[in-house]
4 protein chains.
Amino acid sequence: MARGVNKVILIGNLGQDPDTRYTPNGNAVVNLNLATDESYKDRQTGQLVPKTEWHRIVLFGKVAEVAGQYLRKGSKVYIEGKLQTRKWQGQDGQDRYTTEVVVDINGQMQMLDSRGEGGMNQGAPAGRPQQSGNNAPAGQQSNNPPPQQSGGYSQPSQGSMPEPVDDFDDDIPF
Amino acid sequence: MARGVNKVILIGNLGQDPDTRYTPNGNAVVNLNLATDESYKDRQTGQLVPKTEWHRIVLFGKVAEVAGQYLRKGSKVYIEGKLQTRKWQGQDGQDRYTTEVVVDINGQMQMLDSRGEGGMNQGAPAGRPQQSGNNAPAGQQSNNPPPQQSGGYSQPSQGSMPEPVDDFDDDIPF
Amino acid sequence: MARGVNKVILIGNLGQDPDTRYTPNGNAVVNLNLATDESYKDRQTGQLVPKTEWHRIVLFGKVAEVAGQYLRKGSKVYIEGKLQTRKWQGQDGQDRYTTEVVVDINGQMQMLDSRGEGGMNQGAPAGRPQQSGNNAPAGQQSNNPPPQQSGGYSQPSQGSMPEPVDDFDDDIPF
Amino acid sequence: MARGVNKVILIGNLGQDPDTRYTPNGNAVVNLNLATDESYKDRQTGQLVPKTEWHRIVLFGKVAEVAGQYLRKGSKVYIEGKLQTRKWQGQDGQDRYTTEVVVDINGQMQMLDSRGEGGMNQGAPAGRPQQSGNNAPAGQQSNNPPPQQSGGYSQPSQGSMPEPVDDFDDDIPF
DNA sequence: TTTT
DNA sequence: TTTT
């Protein structure tokens, strides 16, 4: 299935709560904003300077469900996925490119906060529908420009959150 | 030095010859355009569809020297580096972001073409100065828009190719 | 499915042809002996000393089929799998341990020899049955001590096994 | 320096406190016993069966110092190293082989327990000399059979513990 | 823009 | 925007 290798491995913390959306088929698609920290020695001052790198993560399928339910702002997480750059149109009609780390059936997500502390403190989210309501407030997110969206999927027709059947794979465009 | 993990592993082929530049200190900085191939089964047709992902690679230091000298368009290569997104200004004054895989002293580059075939066919490049001349023709490359450049380093002041001393680390902005 | 991470990534060359066997169900199980090369600077002499590390690889399923058919002694290959140590009984009744890199449905194998050169020179093996005959000679292999076997699977259609060529395995020290 | 790739990435928990030793030169060498958990679906019963894999980790240099000082039984940790199999002689004079994950200057170790909970609860170890005394009690460890040793380095000549020179960074470099 |  |  692959004549190359395209692998990303990250450990970092979430900058915000996960952004959960659903495909028309009811499959979860979760966006994460992940910070990885590094520090390097400044050549001028000789001091250790912290440097944060931010990564856009997109999870699909089962791992997206878990991420959306259990991860929160501040959560520490291990991510294994692949690099993907997608093109979108800016408001000026010009092409823009956004690179994301895609975690699908071939990837992995591991929560690294032990025993519920860490970022999992806002009360345990219960069922899926609530999740959707809590994490993907339509009004707010739907104004986001393309770089905040992940292509072909949209949000659940709110209020009518249509029985999430798990026929995944039927609508993800890759 | 790092309180997180930020690792990328790629195996693919170069879309063009490497783009070699030099910092004012004479350190090589090489840009690669790397394709990784994957194929997935189309849900509609059931057919296997090939899909190519393109990656921007930036190498620094010793590994950059080697890449610039021995890699060519078509070369198969293993890359281990880290993700880095840098901001630049579009001609319209707006912010743009480009994500690259940075290979520095902590990364790795492995040529995977065996026995000189593959992309290594244009004759063995000799010394470093010539390399610079061959691979980083100033007039051509300097017109490249920001996404084609890697930030703070510029090209060798040609003709005066300043004694490539290996005092690396003195000018790389991270 | 996993509350940890256990990942091995190797690029190296095969020390011998693959050793293909079959489970009672007819599933391929392939053993590889993979060399990864490294060199380090000797502190005494200051010289660059080459050092080869040998790895035992066990492949299951589809990837095993491909490996058995297309890899040969000398082939360069990318392996992604997981570490697994299994216990077996020495002839003296004592416990022995062998660590292997297991490549199953979650792993990956990529052939890195381009255009059929490399180790792929003994003529293209054809169908699976023949493969079985050539690579998994029952009579000879079944005498191998435990470290040469990979646990619960046994050999194919015994009794009719034709010329067993691949009896290396006898001098590999693990 | 390397014409191959030999990389291991693990996330798991320590089965015991680290075993810290020192080379004659006073360099720390730390052994860890790391468990990675996985679960698989039993084909017979259809049940999810947990499975623990144990790994021998050997750390050298600075990362060894940190591991010896801050890791404890139960600690969750990220390990990046390389596979290495070393030969030793059993009491019966026969060759034995032990495979370890070696973490040296090219590797990485990340503690994943947040805020001092996790396994770091036996009181904060203070200076290095005490560490040595606490973690590498010569009398106890020296009875360990070869698989418990890592080759060329020995234990601190007791009583004469030679003032660990390696005053690299300022204690806590992360 | 690469490669098979 | 996270974390220590």
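Chain letters run A, B, ... following the sequence lines, proteins first, then strands; residues in each count from 1.
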Engineer: Applying the side-chain contact (heavy atoms from CB on, under 4.5 Å) criterion to B:Val101, which one of B:Ile9, B:Leu34, B:Ile57 satisfies it?
Structural biologist: B:Ile57
Engineer: With heavy atoms under 4.0 Å as the rule, sort B:Thr52 into base, sugar-phosphate or nothing.
Structural biologist: base
Engineer: Atom CD1 of B:Ile11 and atom P of E:dT2: how far apart are they, to the nearest Å?
Structural biologist: 20 Å
Engineer: Take atom CE of C:Met111 and atom P of E:dT4, then tell me their distance rounded to the nearest Å.
Structural biologist: 12 Å
Engineer: Going from NZ on B:Lys7 to CD on D:Glu80, what distance comes out if it is rounded to the nearest 0.5 angstrom?
Structural biologist: 3.5 Å
Engineer: Write down the distance between CG (B:Leu14) and P (E:dT4), rounded to a whole number of angstrom.
Structural biologist: 13 Å
Engineer: What is the distance, rounded to the nearest whole Å, between atom CZ of A:Arg72 and atom P of F:dT2?
Structural biologist: 16 Å
Engineer: Closest approach to the side chain of B:Lys73, judged atom by atom: which nucleotide of F:dT2, F:dT3, E:dT2 is it?
Structural biologist: E:dT2
Engineer: Between E:dT3 atom P and B:Asn13 atom CG, what is the distance in whole Å?
Structural biologist: 7 Å
Engineer: Of the options F:dT4, F:dT1, E:dT1, whose atoms approach the side-chain atoms of B:Gln16 most closely?
Structural biologist: E:dT1
Engineer: Any side-chain heavy atom of B:Leu14 sitting closer than 4.5 Å to one from B:Asn33?
Structural biologist: no
Engineer: In whole angstrom, give the distance that lies between atom CG of C:Leu112 and atom C1' of E:dT2.
Structural biologist: 15 Å
Engineer: Calculate the interatomic distance between A:Leu48 atom CG and F:dT4 atom C1'; express it in whole Å.
Structural biologist: 13 Å
Engineer: A:Arg3 has a side chain; which of E:dT2, F:dT2, E:dT4 sits nearest to it?
Structural biologist: E:dT4
Engineer: Between E:dT2, F:dT3, F:dT1, which nucleotide has the shortest distance from any of its atoms to the side chain of B:Trp54?
Structural biologist: E:dT2
Engineer: Is any side-chain heavy atom of B:Thr99 less than 4.5 Å from a side-chain heavy atom of B:Leu83?
Structural biologist: yes
Engineer: Send over the distance from B:Lys51 NZ to E:dT3 P, rounded to a whole Å.
Structural biologist: 19 Å
